[in-house]
*Asks:* 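Shown below is the structure under consideration.
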There are 2 protein chains.
Amino acid sequence: MSMKKGKATIHDIAEKLNITASTVSRALNDNPRISENTKKLVLKMAKQLNYQPNHIASALRSGKSKLIGVLVPTANRNFFSSVVRGIEDIANELDYKVIISQSYEDYDKEVQNVEALLNARVDGIIASIGKNTENFDHFQKVLDKGIPLVLFDRITNEIDVSQVIIDDYQGAYDTTKHLIEQGCKRIVHFTSPKKINIYRERLRGYEDALKDFKIEIDPELIEESNMQLEDGRTSMENIIKKEIPFDAVFSSSDYAVMGALQVLREHKIIVPNQVKLAGFGNEPFTSFTFPPITTVDQKSIPMGRVTAETFFELLKSDGKKGNNQKTVLKPELIIRESTQKRN
Amino acid sequence: MSMKKGKATIHDIAEKLNITASTVSRALNDNPRISENTKKLVLKMAKQLNYQPNHIASALRSGKSKLIGVLVPTANRNFFSSVVRGIEDIANELDYKVIISQSYEDYDKEVQNVEALLNARVDGIIASIGKNTENFDHFQKVLDKGIPLVLFDRITNEIDVSQVIIDDYQGAYDTTKHLIEQGCKRIVHFTSPKKINIYRERLRGYEDALKDFKIEIDPELIEESNMQLEDGRTSMENIIKKEIPFDAVFSSSDYAVMGALQVLREHKIIVPNQVKLAGFGNEPFTSFTFPPITTVDQKSIPMGRVTAETFFELLKSDGKKGNNQKTVLKPELIIRESTQKRN
DNA sequence: TATATTTGAGCAATCGATTGCATATTTAAA
DNA sequence: TTTAAATATGCAATCGATTGCTCAAATATA
């Protein structure tokens, strides 16, 4: 076993077989111009030498790195990490690797990260936009370079780009309708002042459901915040302090609804008997609380898979414009005790 | 603006300035053999041409890809995604990118993924071992190739490798001690039949605390399972069916303790008054349940940062053996209502 | 002034795989 | 038997940056 220092290259294989590296390269890539016999020999020798292709060299020459850049606000939020998981599933099957990159909801960092991913020569980018992003030039630039881009969940319509979202409007409409059907008439809504698509759509769904059921939209019942758990607490306290009647809370965020639940419990207000609660996102903890909270499942892993599939189609169609695809997944209302009379 | 098709390269800069690419390369890398004046000119021209270094080309020639492979059982578990976040934080500062890869607790996939990461020419690997892995040749191979490897949380002592863990023993000991101090004497323990380090150490901590307080270790109280939520339910039902007395449950997993809480509630057994509960991991939901659950914080983000720092030191010390570093982080017992008498 | 040293930059090979364009060998068609 | 077409492989340039070595010019030392 003449194990040379470094790894075996196509040149080593070529030398052993008395053929050229080009032939080896073609044989390994199953090029039809190489005879079956030669292919067999090459494959055998490759195995024998424990040859491992150098993706870097291949990337340099071919211009394809087989790397996908994934940009998310933060990797350790269940929704995003689940989407990443879905993406990685698909990418893996196709022998692509996923580079992950976080914006922390910071616009500058988002711009930098897009830049950095391009520098790393990813073959394309999959991204979810940060809450504070209002200018989309950095994404437009990606498109202008002909690099595949797919946005998911947090999207923008200011640029013409492939995207995968769930039907936030429908999810919110269904939830609100469900609350109404449970007899609620004074439904508080937690939303964000940042008018990114998801919160805008959820608000619209909430309002339309009320309208359809002839219930007045009371601005007093709409609380704007950043919708973390603490914000949810604050919003709930605000509502309670106002001493206006309310019989339900529909929050655009599971975290905020969690805060509301805590505050209600502290005030000895019984959920769901006195106030019903619904969130959005189906974060794992919503099923663990007492009572478990009704929420909207965002189909995170499927979203990751569909996003990846959309991405790869875009990659295949390579440059041809007008291939942008917009997919809207159906969310699922998960009804739990927090919106139902207890037995 | 003579914007050529492709991106600018060092050759374009060289041509414009009537110098060679080598000089440009050195100037950009701040090589002392290049005059300040030339450097200034190169930098200026680079900016003017909007030059972006091609990391792929650089990687090929230099053998350093500036890519780190991170291998975790699953990306969408809060603990792992938080560690990944910590790693990415540090890597980012140093201009490295993180490739993420999931084993799904599957041994074969773990082996394949290590292989795939090496093929992608990562400069090193950070990994947490899958539950079912009992052979570590794939990691040994990485070490043999002189490629930096750091294990975190789920480690092995069968190979000599850098590692970052928390003191699982101490965390379990402290938790058990805390339960004993709350008056518990019959403490159920949920553990895993897989004797990977973390569960083994936690079991040991549990047992030692009991011994130190002269409490008999009753094998009847030790339930083995895969420790997901459902398993926790089953374990709890088992214990209740046995009709043996117990006054606390200390689970090596937050998910399993969650299951226990549900079953206890269904049996109208009051937590913490009748039975106290403690978990391990400080998954976000443990603070959201009713009552909130005492658990052990695993310091996930710090763990990610320390792991990354350990990794980069290893990278710097480049090949020199005997640089393996073993860090043990202190866990933190988070005491919540589930182990305290209610007011 | 002659020689040694330092400084700044160029030359050309290299990393490993890919690919357009020959070329040689067979096989098929005329 | 010629010529045309198909098949299989080789040649050499290329992707873009890095780097050991060489060399010229400038400066310092004797």
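As a basis for the values below, the full set of heavy atoms in this structure was taken, side chains included, without hydrogen atoms, waters or symmetry mates. Residue numbers begin at 1 in each chain, while the letters A, B, ... track the order of the sequences.
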*Asks:* Using OP1 and OP2 only, check whether a side-chain N or O of Ser35(B) sits under 4.0 Å from dA9(C).
*Replies:*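 Result: yes.
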*Asks:* What is the distance, rounded to the nearest whole Å, between atom CD1 of Ile19(A) and atom C1' of dA24(C)?
*Replies:*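 In whole Å, dA24(C) C1' and Ile19(A) CD1 are 16 Å from each other.
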*Asks:* Please work out if Leu28(A) contacts a base, only the sugar-phosphate, or nothing of the nucleic acid, heavy-atom cut-off 4.0 Å.
*Replies:*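 Here Leu28(A) touches no strand at all.
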*Asks:* Between dA17(C), dC21(C), dT18(D), which one does the side chain of Ile10(A) approach most closely?
*Replies:*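 The answer is dA17(C), which lies nearest to the side chain.
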*Asks:* What is the distance, rounded to the nearest whole Å, between atom CD of Gln52(B) and atom P of dA17(D)?
*Replies:*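 Gln52(B) atom CD is separated from dA17(D) atom P by 11 Å.
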*Asks:* Is it the case that the base of dT14(C) and the side chain of Arg61(B) share a donor-acceptor contact (distance under 3.5 Å, atom types as modelled)?
*Replies:*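 Flag set: donor-acceptor pair detected.
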*Asks:* Nearest-Å distance, CZ (Arg121(A)) to P (dG16(D))?
*Replies:*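 Taking CZ of Arg121(A) and P of dG16(D), I get 8 Å after rounding.
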*Asks:* Is Lys141(B) atom NZ crowded by more than 12 heavy atoms from other residues, nucleotides or ligands, each under 6.0 Å away?
*Replies:*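 Counting neighbours around NZ of Lys141(B), 12 or fewer heavy atoms of other residues, nucleotides or ligands fall under 6.0 Å, so no.
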*Asks:* Given the structure, check if the side chain of Arg26(B) and the base of dT18(D) hold any donor-acceptor pair shorter than 3.5 Å.
*Replies:*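 Answer is no: no donor-acceptor pair is held.
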*Asks:* Please confirm whether His11(B) and Tyr51(B) have ring centers closer than 6.0 angstrom.
*Replies:*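 No - the distance between ring centres of His11(B) and Tyr51(B) does not fall below the 6.0 Å cut-off.
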*Asks:* Expressed as a whole number of angstroms, how long is the span from His11(B):NE2 to dA17(D):P?
*Replies:*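 Computing the His11(B):NE2 to dA17(D):P distance gives 8 Å.
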*Asks:* What integer distance in Å separates Ile34(B):CD1 from dA24(D):C1'?
*Replies:*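 Whole-Å distance recorded here is 14 Å.
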*Asks:* Have a look at Asn18(A) and say if it touches a base, only the backbone sugar-phosphate, or nothing, with a 4.0 Å heavy-atom cut-off.
*Replies:*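 If one applies the 4.0 Å heavy-atom cut-off, Asn18(A) turns out to touch the sugar-phosphate alone, with no base involved.
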*Asks:* Please determine whether a side-chain nitrogen or oxygen atom of Ser25(A) lies at a distance below 4.0 Å from atom OP1 or OP2 of dA17(C).
*Replies:*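 Answer is no, no contact under 4.0 Å.
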*Asks:* Rounded off to whole Å, could you give me the CD-to-C1' distance for the Glu15(B) and dG16(D) pair?
*Replies:*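 So the two atoms are 15 Å apart, to the nearest Å.
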*Asks:* According to a strict under-4.0 Å criterion, is Thr20(B) in side-chain N/O contact with OP1 or OP2 of dG10(C)?
*Replies:*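 For Thr20(B), the contact criterion (side-chain N or O under 4.0 Å from OP1 or OP2 of dG10(C)) is met.
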*Asks:* Would you indicate, yes or no, if dT18(C) has its OP1 or OP2 atom less than 4.0 angstrom from a side-chain nitrogen or oxygen of Asn29(A)?
*Replies:*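 Yes, because at least one side-chain N or O of Asn29(A) sits under 4.0 Å from OP1 or OP2 of dT18(C).
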*Asks:* Taking the side chain from Asn135(B) and the backbone from Asp137(B), do they hold a donor-acceptor pair closer than 3.5 Å?
*Replies:*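 Side chain of Asn135(B) to backbone of Asp137(B), a donor-acceptor pair under 3.5 Å: yes, one is there.
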*Asks:* What nucleic acid atoms does His55(A) come within less than 4.0 Å of, heavy atoms only: base, sugar-phosphate, or nothing?
*Replies:*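 No contact.
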*Asks:* For the side chain of Asn54(A), starting at C-beta, report the closest nucleotide among dT9(D), dT18(C), dG16(C).
*Replies:*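 Minimum distance to the Asn54(A) side chain belongs to dG16(C).
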*Asks:* Does Thr38(A) have a side-chain nitrogen or oxygen under 4.0 Å from the phosphate oxygens OP1 or OP2 of dT9(D)?
*Replies:*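 The answer is yes; a side-chain N or O of Thr38(A) sits under 4.0 Å from OP1 or OP2.
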*Asks:* Can you check the Lys40(B) NZ to dA9(C) P distance for me, whole Å?
*Replies:*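 Value for this atom pair: 13 Å.
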*Asks:* Starting at atom CG of Leu60(B), determine the distance to atom P of dG16(C), rounded to an integer number of angstrom.
*Replies:*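 Nearest whole value for this atom pair: 7 Å.
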*Asks:* We want to know whether Ser35(A) and Thr38(A) form a side-chain donor-acceptor pair, criterion being a heavy-atom distance below 3.5 angstrom.
*Replies:*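 Checked: Ser35(A)/Thr38(A) side chains pair up, N/O donor to acceptor below 3.5 Å.
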*Asks:* Starting at the 5' end of DNA chain C and moving along, which residue's nearest nucleotide shows up first, Ser62(B) or Ala21(A)?
*Replies:*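 Result: Ser62(B).
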*Asks:* With a cut-off of less than 4.0 Å, is there a side-chain N or O of Ser22(B) near OP1 or OP2 of dA9(C)?
*Replies:*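 Result: no.
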*Asks:* If we count only N and O atoms by modelled type, under 3.5 Å, do the side chains of Ser103(A) and Asn113(A) hold a donor and an acceptor together?
*Replies:*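 Ser103(A) vs Asn113(A): no donor-acceptor pair found between side chains.
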*Asks:* Consider only side-chain N and O atoms of Thr310(B) and Thr307(B), and report whether a donor and an acceptor are under 3.5 Å apart.
*Replies:*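 Side chains of Thr310(B) and Thr307(B): no pair found under 3.5 Å.
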*Asks:* As a test of reading the structure: which of dA17(D), dA22(C), dA17(C) is closest to the side chain of Arg33(A), going by heavy atoms?
*Replies:*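 Output: dA22(C).
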